[in-house]
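Note that the structure is a prediction, hence the values are computed from the model and not measured.
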Amino acid sequence: MRKGRSSFVICVLFLLLESTLGRFVVEKNSLRVTSPQNLKDTYECAIGNFGVPQYGGTLAGAVLYPKANQKACRSFSDDVSFKFKSGAGLPVFLLVDRGGKLLNLRLINPFARLFFVVFLLSYRLSTCFYCMTDCYFTLKAWNAQKAGAAAILVADDRPEPLITMDTPEEESARFNYLQNISIPSALISQSLGEAIKRALEKPEMVKVNLDWREALPHPDDRVEYEFWTNSNDECGPKCDSQKNFVKDFKGVAQILEKKGYTQFTPHYITWYCPEAFILSKQCKSQCINHGRYCAPDPEEDFTRGYDGKDVVIQNLRQACFYKVANESGKPWLWWDYVTDFAIRCPMKEEKYTKECAEEVIKSLGADLKKINECVGDTEADKENPVLKAEQEAQIGKGPRGDVTILPTLIINNRQFRGKLDKGTVLKAICSGFEETTEPVICLRDGIETNECMENNGGCWIDKTLNITACRDTFRGRVCQCPIVQGVKFFGDGYKHCEASGALRCWVKNGGCWKDSQQGKTYSACIDDHSKGCKCPPGFRGDGYKNCEDIDECEEKTACQCPDCKCKNTWGSYDCKCGNNLLYIREHDTCISKDAISGVSWGFVWVIILGVAVAGAVGYAFYKYRIRTYMDSEIRAIMAQYMPLDNQAEIAVHGPNGNV
């Protein structure tokens, strides 16, 4: 054991004991067996934390159980072909056995668990944890992929709840094959595995459909996701994976964030040192704020390099950078800062320092003063609000579960499982949007398959105007009558869509009949009607597919006056009168042209006479009003003086009246 390893074990032990007692949620997807008949049902399976789960999609295949190498711990020989021989033409899902023995820490008493964890930590936890099986889950998947399998199903070998198949820690494992695993993996229960094996022995074809469409919630038009990461770049393959992911995904993440499609939050895992060891040299070197927030030594050697406290401080600085950037309305700057810090301030070059970090912050134009205030005094014996919130966020709420794997991506409050790369993560995020609300980037080639390209997705289509009800989505397609040039179409979307509302005649003439002949155009669509079609005057029919000309002459519905000659035209008729008469269409009658002239002039004179009379009456009324007005004015003026005379008379005669 390396020098200082025992103290490291004690610190990590405290965290691990807490995590073993915490609530870890196994992320699952559906497995639907479509044949044979006795196995038809939908089952749960656990998504492996490697490979490429098809989030938002499905994958159908036929199951094959190899006669040899049933645990898939060795490469299959070159002469073994995994093409299904039954003629089904489906991809092959290789069924393999889990094998080996793996202790469940929850099933043993606390003292035994304590001893067991110390033992594991003393001999490198992750290696021993996985070496208790015959081989790594990832090696099984890699061997299956090399042999041509489209997916791997690992059958559990004991009756227990499903677990998450994780990746090993060995650098050699990752560098040799881990990043190249591109098939999805699933752990199935022992009972389902045995049932499939019995069916294959008969033999019967076992068809399976893996379904990830509901693996992640998709409630609305915005996806909320978290990334639990670490600023440490000396933790081996997983640190390299985080660094490469952030660099590759930065552009996509910033576009989604700037346009409001997503809400991203970075997080950092810390733990605290046991109270009995707070004053120890090891605890002081790995923790800040008097043992409240700790991280393991990057090199796992206390005698050289950086300490765990350096990692905690840089994690805190990155969290504060996000906090300040988010408050300024630019949370996406976090991606720039973390990427630039990894490039400019690596541990290997001994630039993992406060000074280097501040140079990066300044180059991005962030408020350094606010960030330093957020970081605060890391030597003070008090809580840091940011790191305190991080520890609380680590505890699972609702369906999420505790965060125990680093790195961890959480999408819509569910933990992502699979390879951490740009394409896989983008697919998972796209599956978190409510159907038909996905951004364009989710509908690109390579991200999803456009199901409208084949047979128009089975939806309604008008090939003449190139209008379709098929709408491509990340999960597949929906048949939804479209909106074209502001006109809403209504219908079932599969067999029928009809324009409705104002301006509906602009698009496909509202789905109504329309024709042109003899320089005339007639339509059965009426713009002021929200729906429906009606043949115009002169035609009869359903208004949709057919409107036939009415022969008014033959049916004697017009031009029936004496001496009239009727000639049918398309959509109308011509009627001519004999003896120099003129046809009046409104009254379907003929009258003399001279009579029309006399009547017309007589009518004009009547109008002129009427106007003259009206003018005379108006003038007389005007004169009357003027005279009435003048009289009233004169009376008003005289009334101002007449009351004085009356009052004088009353004063003179008044006393005599009293005698």
field: Atom NZ of K281: over 12 foreign heavy atoms under 6.0 Å
entry: no
- request: Kindly give the heavy-atom pair with the smallest separation between Y261 and F433, and that separation in Å.
  value: O-CE2, 3.3 Å
task: Find out whether W332 and K250 are in side-chain contact, i.e. whether some heavy atom of one side chain is under 4.5 Å from a heavy atom of the other.
output: no
message: Restricting to non-hydrogen atoms, name the atom on A366 and the atom on I371 that form the minimum distance, rounded to 0.1 Å.
response: CB-CD1, 4.1 Å
task: Evaluate the side chain to side chain donor-acceptor pair (under 3.5 Å) criterion for residues E226 and T265: first the C-alpha distance (whole Å), next the side-chain angles of each, then the deciding distance (0.1 Å), finally the verdict.
output: CA-CA 5 Å; E226 308 169 11; T265 308; over 6 Å; no
- prompt: Below 2.5 Å, is that where the SG pair of C320 and C374 sits?
  reply: yes
- request: Decide, yes or no, whether a salt bridge links E379 with K309 under the criterion of side-chain N to carboxylate O below 4.0 Å.
  value: yes
message: Take a 6.0 Å sphere around NZ of K422 and say whether it holds more than 12 heavy atoms from other residues, nucleotides or ligands.
response: no
- request: State plainly whether the residues R304 and E234 are in salt-bridge range, i.e. N to O under 4.0 Å.
  value: no
query: What are the two closest heavy atoms between Q391 and Y272, and how far apart are they?
result: NE2-N, 4.3 Å
Aromatic contact, F245 with F227 (centres under 6.0 Å): yes
field: Candidate pair D336 and Q254, rule side chain to side chain donor-acceptor pair (under 3.5 Å), full reasoning
entry: CA-CA 9 Å; D336 291 317; Q254 291 180 327; 3.0 Å; yes
field: Heavy-atom side-chain contact between R317 and S231 under 4.5 Å
entry: no
query: Are the side chain of N49 and the backbone N or O of R417 linked by a donor-acceptor pair below 3.5 Å?
result: no
message: Just to verify, which of W334, Y268, Y337, F341 counts as forming a ring-ring contact (aromatic ring centres under 6.0 Å, His included) with F321?
response: Y337
- request: Carefully, step by step, assess T138 and Y177 under the rule side chain to side chain donor-acceptor pair (under 3.5 Å).
  value: CA-CA 9 Å; T138 52; Y177 65 84; 3.0 Å; yes
Criterion disulfide bond (SG atoms under 2.5 Å apart) on C273 and C294, from CA distance to verdict: CA-CA 7 Å; C273 192; C294 310; 5.1 Å; no
query: Less than 4.5 Å apart, any side-chain heavy atom of L216 and any of V223?
result: no
message: If the threshold is 4.0 Å, N to carboxylate O, is there a salt bridge linking E358 and K362?
response: no
message: Which heavy atom of I411 sits nearest to which heavy atom of P217, and what is that distance?
response: O-CD, 4.4 Å
- request: Count the heavy atoms belonging to other residues, nucleotides or ligands that lie under 6.0 Å from CD of E350, then report whether that count exceeds 12.
  value: no
message: Between R98 and F137, is the side chain to side chain contact (heavy atoms under 4.5 Å, CB included) condition met? List the steps.
response: CA-CA 8 Å; R98 175 180 172 183; F137 291 121; 3.9 Å; yes
Polar side-chain atom of D340 near backbone of V360 as donor-acceptor pair, under 3.5 Å: no
Derivation of the salt bridge (Lys or Arg N to Asp or Glu O under 4.0 Å) call for R222 and D220: CA-CA 6 Å; R222 188 181 74 169; D220 50 39; 6.0 Å; no
- prompt: Do Q179 and S241 have side chains that get closer than 4.5 Å, going by heavy atoms?
  reply: yes
- prompt: Is there less than 2.5 Å between the SG of C135 and that of C73?
  reply: yes
Donor-acceptor contact present, side-chain N315 to main-chain N230, <3.5 Å: no
field: C345/C356 sulfur gamma separation below 2.5 Å
entry: yes
message: Using only atom types and a distance under 3.5 Å, with no angle test, would you say the side chain of R414 pairs donor to acceptor with the backbone of A215?
response: yes
- prompt: Does CZ belonging to R344 count more than 12 external heavy atoms closer than 6.0 Å?
  reply: yes
field: Main-chain N/O of T436 paired to E438 side chain as donor or acceptor, under 3.5 Å
entry: yes
Atom pair OG1 (T262) and CG (L256), whose distance is rounded to the nearest 0.5 Å: 5.0 Å
message: Walk me through whether Q314 and Y352 qualify under side chain to side chain donor-acceptor pair (under 3.5 Å).
response: CA-CA 8 Å; Q314 291 298 351; Y352 190 81; 5.7 Å; no
- line: Only residue of I47, I152, V52, L59 satisfying side-chain contact (heavy atoms from CB on, under 4.5 Å) with P184 is L59
